[in-house]
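Okay, structure first, notes after.
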Amino acid sequence: MDPARFTRVDATTWRIEPFGAMRVPAIIYADEDLIRAMDDKVFEQVTNVAMLPGIVRASYAMPDAHWGYGFPIGGVAAFDPDRSGIVSAGGVGFDVSCGVRTMLTGLDVADILPVQKSLADSLYRQIPAGVGSTGAIVLDPVEMDAMLTGGACWATEHGWGDARDLERIEEQGRMAGARPECVSDRAKERQRLEMGTLGSGNHYLEVQAVAEIFDTGVAEAFGLRQDNVVVTIHCGSRGLGHQIGTEFLKEMVVAAEASGIALPDRELACAPIHSEIGQRYLGAMRAAINCALANREILGHYARRIFGHFFPDHDLRLLFDVSHNTCKVEPHVVDGKRRNLFVHRKGATRAFGPGHESLPQALRAVGQPVLIGGSMGTGSHILVGATTGEEKAFSSACHGAGRALSRHAALKQWSGRKVIDDLAAQGILIRSPSSRGVAEEAPGAYKDVDAVVMAAEHAGLARRVARLRPLICIKG
DNA sequence: ATGTAC
C-alpha cells in the first residue's frame with residue numbers, strides 16, 4: 001500500500017479519517033515497510049468494517065494484517081449492543097477459536113538433541129494431522145453436547161489433560177453461553193471423529209527452543225530461560241467451526257438485508273447482536289470456542305504422553321492458551337463510560353496488560369502471555385500484554401507473521417521436498433502428511449515475524465519477552 | 001481454515 005494514503009500519527013500508527021459511509025476512523029499498526037508490503041485489500045477491508053453499525057472507537061488492523069473473507073485477517077473491531085451493534089461470522093473467521101498454546105517442558109536443547117529424530121517420529125505417529133484427519137475419540141450426541149458446553153474442562157474430566165491447565169486457558173477453559181442446540185447436526189457430524197486432531201494448513205505442533213530473551217524479568221515469571229524447550233500447538237475447532245461459519249455467513253447475508261443494514265461487501269454479512277440470529281450465532285460460536293479449547297487440551301495431553309515416554313521425570317506445564325479468532329464480550333471504556341462490547345478479533349489475539357482482573361493470580365502482576373506463531377523456519381515469539389494496548393486496540397495484538405505470498409504463489413516457487421531438506425540442514429525436523437502443504441507453508445511465503453512483533457511492541461500493543469526457534473514441526 | 005465446490 002502507498003503510505004501516502006494514510007495520516008501518519010507516529011512511526012507505527014497509520015490512520016484513515018472517516019470518509020463515505022465510515023462511522024469511525026480506521027487505524028493500522030505497522031512500520032513503513034510492512035505498510036508498503038501490505039495488500040491494498042487491507043485498506044479496503046479495514047475501512048469497510050468501519051462502516052458497520054454500532055462500531056465504536058475505530059476499525060483496527062494489526063501489523064500482520066492481510067486480505068481475509070470480508071474482515072481483514074489481523075482485524076479488530078468492537079461493537080456496542082446498545083447502539084445497534086452487530087455480530088459477524090466473517091469477523092470471527094471460519095476456524096472459530098483457532099489459537100495457540102505453549103507448554104513448558106522443563107528440558108533444555110541438550111536434552112532433546114540426542115532423541116530429536118525419534119521424538120519427531122513419535123509425535124508424527126501419534127498426533128493425527130492433515131485434512132480430514134480423525135482421532136481415537138468418538139463422540140456420541142450426549143458427549144458432543146457435553147464437550148460443546150464444557151470445553152477444556154470437559155477434556156480434563158475425561159482424563160485428556162490436567163485440571164491445573166485450566167486457569168491458564170482463556171475463560172478458564174470453558175466459554176460460558178455456549179448453546180449446543182444452535183449447532184447444526186451437520187457441524188456435529190463433521191466433528192464426531194475429529195477431537196484431538198491437528199488439522200491442516202498453518203496448523204502445527206512444534207518443539208521449540210528459547211533462542212533469545214528480551215525481558216528477563218517477565219521471562220522468569222513465565223518460566224522461560226535461554227535454551228529451554230517448549231511445545232507449541234496451533235489449531236482450532238476443525239470441521240465443526242468451519243461448518244458453523246459457513247452456515248451462518250450464508251444466513252447473515254439474508255439477515256443483514258432484512259435488518260436494513262447496508263453492506264459495502266457481501267462478505268461482511270452480519271446481524272444485530274440483539275436479533276434472534278445474532279444470539280443464535282453467538283451460542284453456536286461459543287460452542288465452537290469450547291470445541292477448540294477441548295481440542296488443544298487433548299492435543300496437549302498427547303504431547304505430555306509422548307514426552308513422558310522419552311523423559312519420565314518431566315511434565316509439561318501450560319504457559320498459556322489463547323484464541324486468535326473470536327468474538328468476546330468485554331468491558332471497555334468508551335467516551336468515558338464502561339460498556340460491554342462485542343470485540344471481534346480475527347487473526348488477532350487478546351493481550352491483557354498487567355493487573356487485568358481476568359488473568360490468573362500467577363500472571364496478574366506481569367500480564368498475559370501473547371503467543372505469536374511464525375513460520376516453520378523462522379521461529380515464534382512470546383510477548384506480554386501491555387497496559388497501553390487497552391487504549392490502542394481494546395487490548396489486542398497480532399497473531400503471527402502473516403502470509404506474504406498466496407498459497408498458489410508459494411506452490412510455484414517451492415517443492416515440499418526442498419523445504420524439508422533446507423530446514424533439516426538447519427536442524428529443524430519437519431513431519432507432514434502433505435508435501436504440498438509444506439510447500440504452501442514455506443518460510444519464504446511469510447512476512448518477517450521479527451518485524452511484525454517489533455512493530456507491535458513499538459505501537460504499544462504488547463512487549464517482546466522471548467524468541468523461539470523450532471526444533472521439530474509436525475505440520476498438518 | 002475446510003470431507004480445498006454442493
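Order of the sequence lines sets the chain letters (A, B, ...), proteins ahead of strands, with each chain counted from 1.
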Sugar-phosphate only, base, or nothing, as touched by A:G201 at under 4.0 Å among non-hydrogen atoms: sugar-phosphate
Sugar-phosphate, base or nothing in reach of A:E194, heavy atoms under 4.0 Å: sugar-phosphate
For A:G85 against A:F79, the heavy-atom pair lying closest together: CA-CB, 4.1 Å
Integer-rounded Å distance: B:dT4 P and A:E440 CD: 13 Å
Sugar-phosphate only, base, or nothing, as touched by A:V131 at under 4.0 Å among non-hydrogen atoms: base
Touch class at under 4.0 angstrom, heavy-atom based, for A:G199 against every strand present: sugar-phosphate
Rounded distance (Å) that lies between atom P of B:dT4 and atom CD of A:E441: 18 Å
Nearest heavy-atom neighbours spanning A:N290 and A:M147: CB-O, 3.7 Å
Plane angle bin for A:W160 and A:H158 - parallel if under 30°, tilted between 30 and 60°, otherwise perpendicular: parallel
Atom pair distance, as rounded to whole Å: CD in A:E247 and P in B:dC6: 11 Å
Sugar-phosphate only, base, or nothing, as touched by A:S200 at under 4.0 Å among non-hydrogen atoms: base
Sugar-phosphate, base or nothing in reach of A:R407, heavy atoms under 4.0 Å: sugar-phosphate
Whole-Å gap separating P (B:dT2) and CD (A:Q191): 10 Å
Integer-rounded Å distance: B:dA5 P and A:F94 CZ: 12 Å
A:D162 and A:H301: side chain donor to acceptor below 3.5 Å: no
Nearest-angstrom distance from the residue atom CG of A:L193 to P of B:dT2: 15 Å
Spacing between A:R186 atom CZ and B:dA5 atom C1', to the nearest angstrom: 11 Å
Protein-nucleotide distance (A:R436, atom CZ; B:dT4, atom C1'), rounded to Å: 7 Å
Pair A:T326-A:R345, side-chain donor/acceptor within less than 3.5 Å: no
